[in-house]
Every structure is written in C-alpha cells, then in structure tokens.
Amino acid sequence: MICSAHIDTFTRDFLPPAAQWPDFMFGLPDLKYPDRLNCVSELLDRWIAIGHGERPCAISSAETWSYAQLAEKVNRIANVLTRDFGLVPGNRVLLRAPNSPMMAAAYLAVMKAGGVVIGTMPLLRAKELIYALTKAKIKFALCEAQLAGEMEKARTASNDLKHIVYWGDGAAQSLEALMQKSGYEDFTPCDTAADDVCLIGFTSGTTGEPKGTMHFHRDILATCDSYGRHVLRAGPDDRFIGSPPLAFTFGLGGLVLFPLRAGATMILLEKAPPDELLAGIARHRATICFTAPTAYRAMLGKLPGHDISSLRKCISAGEALPQATFDAWLAATGIKIMDGIGATEMLHIFIGSPEDEIRAGSTGRVVPGYEAMVIDDEGREMPPGIVGRLAVRGPTGCRYLADVRQCVYVQSGWNVTGDTYLMDKDRYFFYQARSDDMIISAGYNIAGPEVESALLMHPAVAECGVVGAPDEERGQIVKAYVVLRAGHNPDSAMTRTLQEHVKETIAPYKYPRAIEFVTVLPRTQTGKLQRFELRRIAAENNSRKIAS
Ligand code: 3UK
C-alpha cells in the first residue's frame with residue numbers, strides 16, 4: 001500500500017471503486033515510476049539540478065523566463081498557497097486565466113505543493129465555474145484580474161470557495177505582491193505518492209453535465225513518456241506553440257508538459273486565432289504547433305506574408321483531420337500534420353503516428369505503451385476491416401470524480417471512448433464517427449465525418465458539418481451545413497455541384513440530400529464541431545416544414 005501525502009483525502013475518497021477502474025499498463029520501460037513521485041520535480045526541478053537552468057523556458061508576447069526563473073515563480077506561488085492561505089496536500093485549486101507563463105507557473109505550483117489543480121477556460125461563465133467549485137469542493141482560486149467578473153459572481157454563489165487571489169492588477173494583495181516575500185524563493189516539493197491525484201480535468205460537457213477526470217502524478221509523466229517521447233519526439237531546441245487553452249488537456253500536454261519533459265521552450269499566447277498563431281510562429285521561430293483541424297484550414301488561407309519556415313512538426317487533435325486538410329497543408333508547407341486522438345479521460349493522445357509512419361486519412365497506430373482494439377456491441381474484439389467501437393488501455397485512463405458514468409466509459413477494464421473506428425491489417429486506425437453521430441438513412445450507416453471529408457475536397461468549401469436530419473421516408477437523410485469560400489455563390493447550382501462531387505468521391509448513397517449554406521458553424525471552445533447543435537437545428541427546420 002502506497003502512502004498518500006494527501007491530508008485532505010477528498011479526491012482519494014471519491015475515486016471510482018477499484019472494480020470500475022480501467023486496466024493500467026506499464027509495460028514500456030520508460031513508464032516504471034517510483035512509488036513516491038511529484039511530477040513537478042521531474043518536469044522542472046530536475047533541469048535546474050543538471051545545469052539547464054539558464055535555458056529559455058516560457059515565452060509570452062511580453063517576456064521570456066528561463067527554467068530557473070520559472071522554477072522560482074513556481075516556488076513562490078507554492079509558498080503563497082501553503083504559508084499565506086494554509087493549503088494542505090489534497091486541497092483543490094481552481095485556475096482561471098488565458099494561456100500565459102504565469103498560468104503555467106500556477107499549474108506547476110499547485111501540483112508541487114501537493115494540491116490538485118482544476119484549470120478552467122477563460123470563456124466560462126459563473127454558472128459553469130460554480131459547477132466545478134461545487135463538484136470538486138474547491139476552496140482556493142488563482143485568477144487573472146481581467147477575468148474577475150464571473151469569478152466574483154461565482155464566489156457569492158459558492159459555499160466552498162474561501163480564497164481568491166488575483167494577479168495582473170498591481171494590487172497590494174495581488175499574487176505577485178504576495179510572492180515577493182523573502183524566503184519564498186525555495187519550496188520543497190510535497191512528497192506525494194505516484195498515485196496521488198494532482199489534476200482534475202473537466203470534460204466539455206456536450207452531453208450532460210461535465211465529468212471531472214482525475215489524474216495522478218504518474219499520469220502526467222506517462223503521457224510525456226509515451227506519446228511525447230515515442231511519437232512526438234521533441235528535443236531541447238524545440239519551441240512549442242499552439243491555440244488550445246491549458247484547461248483543455250490537449251493544450252496542457254502540448255504547450256506545457258511535453259516541452260518541459262523535453263527541456264524545450266513553451267510559447268504561450270493569450271489568444272491564438274489563426275492570424276495571431278501564424279504571427280506567433282513567425283515572431284518566436286516556433287518549431288512545433290498544436291492546434292485543431294479547423295485552425296490548420298483557416299491558416300492555409302493566410303500563409304502568404306508569414307515566414308513559418310521554422311516549423312517542423314504540426315499536431316492536430318480534437319476532431320478528425322480530413323485528408324483534404326492534410327494534403328493542402330503538406331502542399332503549402334511541406335509538413336505532414338500528425339493527427340492524434342486523445343481524450344480528457346485518457347489525459348492525452350493514445351493513437352497517433354510519427355511523421356515517417358503517417359498514412360493520410362488514418363489517425364495512426366496505437367501510441368507505444370497503449371493497446372487499442374475495435375469491439376462489437378457485446379465487447380468482443382473485431383478482426384481488421386470491421387467497423388466497431390474503439391476500446392483502449394494503457395498507462396493513463398478514466399477515473400471520474402463521483403460519477404455513475406464511469407461504468408459507461410470503462411467496460412471490462414477497457415476505456416470505451418464513444419468513437420467508431422476501423423482498424424486495417426497493418427493496425428492503422430481509421431476514424432468513422434462518434435458512435436452517437438452515425439447517420440442511419442434508409443438502413444445505411446453513414447459516418448458524417450466521411451461526408452465532411454469529401455465535401456472539403458471541393459475547392460468551394462471552407463468548412464462544413466454533416467448530420468442526420470429527420471425524414472419521414474428514410475428515417476434520416478444526410479444533411480450538410482456548408483460555409484463557402486469567398487467568391488462562391490450559395491445557390492441551387494452550387495448545391496448540385498457539391499452533391500455530384502460527393503457522389504464521385506465516395507459511395508453515392510452517402511451524398512447529402514440536403515445542403516444548407518451558412519456563414520459559421522457552431523463550435524465548442526476547444527474547436528470541436530457541435531454536431532448535436534446542427535442536429536437540433538436540422539430537427540427544428542424539419543418540424544417547421546411539417547407544420548407549414
Ligand atoms: C474526439 C477525435 C477524431 C473523439 C483531446 C487530444 O479531444 C480531446 O479530448 P476531449 O475529451 O474529446 C475526446 C473526443 O474527441 N477526437 C479527439 N481527437 C480526435 N476524433 N480524430 C481525432 N484526432 O471523439 C474523442 O473521443 O475534448 C485530444 C489530447 C487531449 C484531449 N483531451
């Protein structure tokens with residue numbers, strides 16, 4: 001029995017019962033961690049100890065911190081939390097800020113002090129903050145002052161939250177002011193167990209209430225030592241940039257954990273819409289970019305005028321990377337985008353291949369350290385070539401905070417992500433759809449993303465979303481919502497052109513019988529297409545049609 005360092009045992013008390021855990025696998029030699037482990041010692045302090053302290057670590061538009069400077073900020077924040085506010089190991093701390101070196105420092109400080117960090121997206125409203133505060137019984141918050149509005153509203157409505165410390169406003173009691181005390185520059189890492197919880201990632205909650213996924217100190221290193229080391233393969237000269245918020249584990253891994261594990265540099269942009277991401281890559285000579293497929297598409301139109309020759313690796317996740325996007329990016333930049341599927345439950349990417357093994361149209365092969373298979377509705381493993389549900393297990397996995405949906409995600413020791421996949425004989429995985437996004441039209445199963453990929457191959461299409469619309473005769477029909485590129489007309493001739501294009505590209509029965517032209521598509525803060533929203537619109541339109 002490993003001895004927890006948590007004095008506040010809340011996260012341990014609300015872990016799922018052992019029988020509902022996924023199987024964890026540590027076969028890879030890189031994944032053998034000692035029983036006592038604080039991930040921040042490994043990610044950050046180790047570099048100082050081996051003389052890497054003067055290397056650039058965190059860059060924002062305003063400043064550059066070396067490894068030693070970041071480590072000192074982390075120590076100072078950890079001292080403020082424990083000495084000024086009485087944080088004890090196991091306490092939860094909510095963070096609220098745009099991506100910035102200070103936000104990264106706050107993440108690391110909470111974990112170094114043995115606390116449990118809960119990052120939140122800047123756009124969240126008080127209602128969503130209160131949900132997290134209540135669900136995870138959070139007493140402390142660190143917040144960038146510009147985001148105080150919703151934070152204060154949440155404070156009044158929360159029984160749990162006792163202390164909010166702001167930074168960035170120059171106030172006498174600001175976090176920076178408190179950090180200045182002498183003696184705060186050093187902090188001994190809390191002697192946590194490898195399996196003490198250090199992070200709760202909330203899922204985006206597109207289907208019901210957000211779920212809190214709990215991750216251990218060892219999980220933080222495991223994602224770096226599986227995907228990071230074996231697929232991404234970054235080095236100390238790499239400079240990481242990207243758009244996902246750190247509150248989204250895709251962003252935390254890609255912009256903080258992987259760079260630190262490699263001794264590299266993180267470039268943290270407060271806002272990274274396509275223009276600013278491109279400008280950031282050029283200005284800071286970024287070498288590795290993490291973002292979503294839509295952002296690669298949007299950047300394609302804006303490449304002229306930006307010198308992105310420093311870039312050597314591009315990673316895409318969050319939703320499927322259509323082949324048209326892969327091809328266009330390769331043609332424009334010479335870089336093969338590395339697609340990878342990850343999930344908040346799994347912490348980061350578990351299927352995805354290094355550049356030299358990429359096959360266009362496939363998410364890739366399983367990441368070393370993980371196992372993946374396609375199963376049928378009864379949970380039986382399917383041979384190559386059969387479409388079914390994706391199941392995965394490895395060093396990380398799903399542990400929901402007090403949530404009955406644990407038994408939906410974890411079945412017989414496997415994490416069942418809710419995605420439909422096909423694996424070929426070479427063990428490459430091909431994404432089909434979210435299991436609940438399959439369109440069933442006149443008895444045919446049609447995967448919306450496949451129709452989207454076909455549409456995106458047409459030069460007139462900028463963005464699109466394909467869902468099932470209710471239809472009396474066929475049950476559902478394939479309906480496409482299309483954003484056209486500038487200079488193309490949203491008329492019936494275009495509808496026919498696109499329908500013909502799909503029929504010529506994939507099996508004709510999959511063509512969109514209805515096409516609606518729109519100017520934007522509904523997306524989550526993490527860049528995912530909100531298909532449920534399109535389905536709702538499609539169903540509403542339909543009932544209006546029936547009524548009229
Ligand atoms: C979908 C993909 C096809 C898939 C995430 C990388 O997206 C992340 O986490 P979420 O919890 O969503 C998980 C679900 O998103 N998805 C993600 N990547 C792909 N579908 N191709 C992909 N490449 O439905 C999955 O089940 O928001 C991604 C790293 C960390 C993450 N949290």
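Just so you know, ligand 1 is whichever comes first in the structure, and atom 1 is the first atom listed for that ligand. Keep in mind that what you see is a predicted model, and the values were worked out from it rather than measured.
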- Message: Could you walk me through whether F24 and R218 satisfy the side-chain contact (heavy atoms from CB on, under 4.5 Å) test, starting with their C-alpha distance in whole Å, then the side-chain angles of each, then the deciding distance to 0.1 Å, before giving a yes or no?
- Response: CA-CA 12 Å; F24 287 100; R218 67 160 198 245; 4.1 Å; yes
- Quick one: do the D238 and T287 side chains pair a donor with an acceptor below 3.5 Å? yes
- Query: Short list, please: which atoms of ligand 1 are under 4.0 Å from a heavy atom of T344?
  - Reply: 9 (O), 10 (P), 11 (O), 27 (O), 32 (N)
- Note the single closest protein heavy atom to atom 13 (C) of ligand 1, along with its residue, its atom name and the distance in Å. G342 O, 3.4 Å
- Query: Angle class for the H501/H458 ring planes (parallel below 30°, perpendicular above 60°, tilted otherwise)?
  - Reply: perpendicular
- Just by distance, do the side chain of Q476 and the backbone of A469 share a donor-acceptor pair under 3.5 Å? no
- Message: Side chain, backbone, both or neither: which applies to T203 and ligand 1 if a contact is any heavy-atom pair less than 4.0 Å apart?
- Response: neither
- May I have the step-by-step check of side-chain hydrogen bond (donor to acceptor under 3.5 Å, both in side chains) for Y431 and S362, ending in yes or no? CA-CA 7 Å; Y431 179 76; S362 164; over 6 Å; no
- Query: Among side-chain atoms of S243 and T291, is any donor-acceptor pair under 3.5 angstrom?
  - Reply: yes
- Message: Can you confirm whether Y444 is buried at OH, in the sense that more than 12 heavy atoms of other residues, nucleotides or ligands lie under 6.0 Å from that atom?
- Response: no
- Item | Heavy atom of the protein closest to atom 7 (O) of ligand 1 (residue, atom name, distance) | K528 NZ, 2.7 Å
- Using atom types as modelled and distance alone, determine if a side-chain donor or acceptor of D403 lies under 3.5 Å from a backbone N or O of K211. no
- T524 to ligand 1, any heavy atom closer than 4.0 Å: no
- Backbone, side chain, both or neither: what part of M346 comes under 4.0 angstrom of ligand 1, heavy atoms only? neither
- Message: Show the atoms of ligand 1 that are less than 4.0 angstrom away from any heavy atom in T249.
- Response: 30 (C), 31 (C), 32 (N)
- Task: Would you mind listing which atoms of ligand 1 come within a distance below 4.0 Å of any non-hydrogen atom of F248?
- Result: 5 (C), 7 (O), 8 (C), 9 (O), 27 (O), 31 (C), 32 (N)
- Query: Which of the atoms in ligand 1, numbered in the order shown and given with their element, are less than 4.0 Å from a heavy-atom of D419?
  - Reply: 4 (C), 24 (O), 25 (C), 26 (O)
- Ligand-side contact atoms (ligand 1) for residue partner A320, heavy atom cut-off under 4.0 Å: 3 (C), 20 (N), 21 (N), 22 (C)
- Note on the structure: Going by the 4.0 angstrom heavy-atom rule, the piece of Y431 near ligand 1 is side chain
- Message: Taking a cutoff of less than 4.0 Å between a non-hydrogen atom of the residue and any ligand atom, is G318 in contact with ligand 1?
- Response: yes
- Region of D339 that comes within reach of ligand 1 [heavy atoms, distance under 4.0 Å]: side chain
- Query: For ligand 1, which atoms sit closer than 4.0 Å to a heavy atom of L347?
  - Reply: 30 (C)
- Task: Would you check whether T526 reaches within less than 4.0 Å of ligand 1, judged by its heavy atoms?
- Result: no
- Note on the structure: With E319 as partner, the option from R523, K528, R531 fulfilling salt bridge (charged side-chain N to carboxylate O under 4.0 Å, His left out) is R523
- Are H348 and F258 close enough that their ring centres sit under 6.0 Å apart? yes
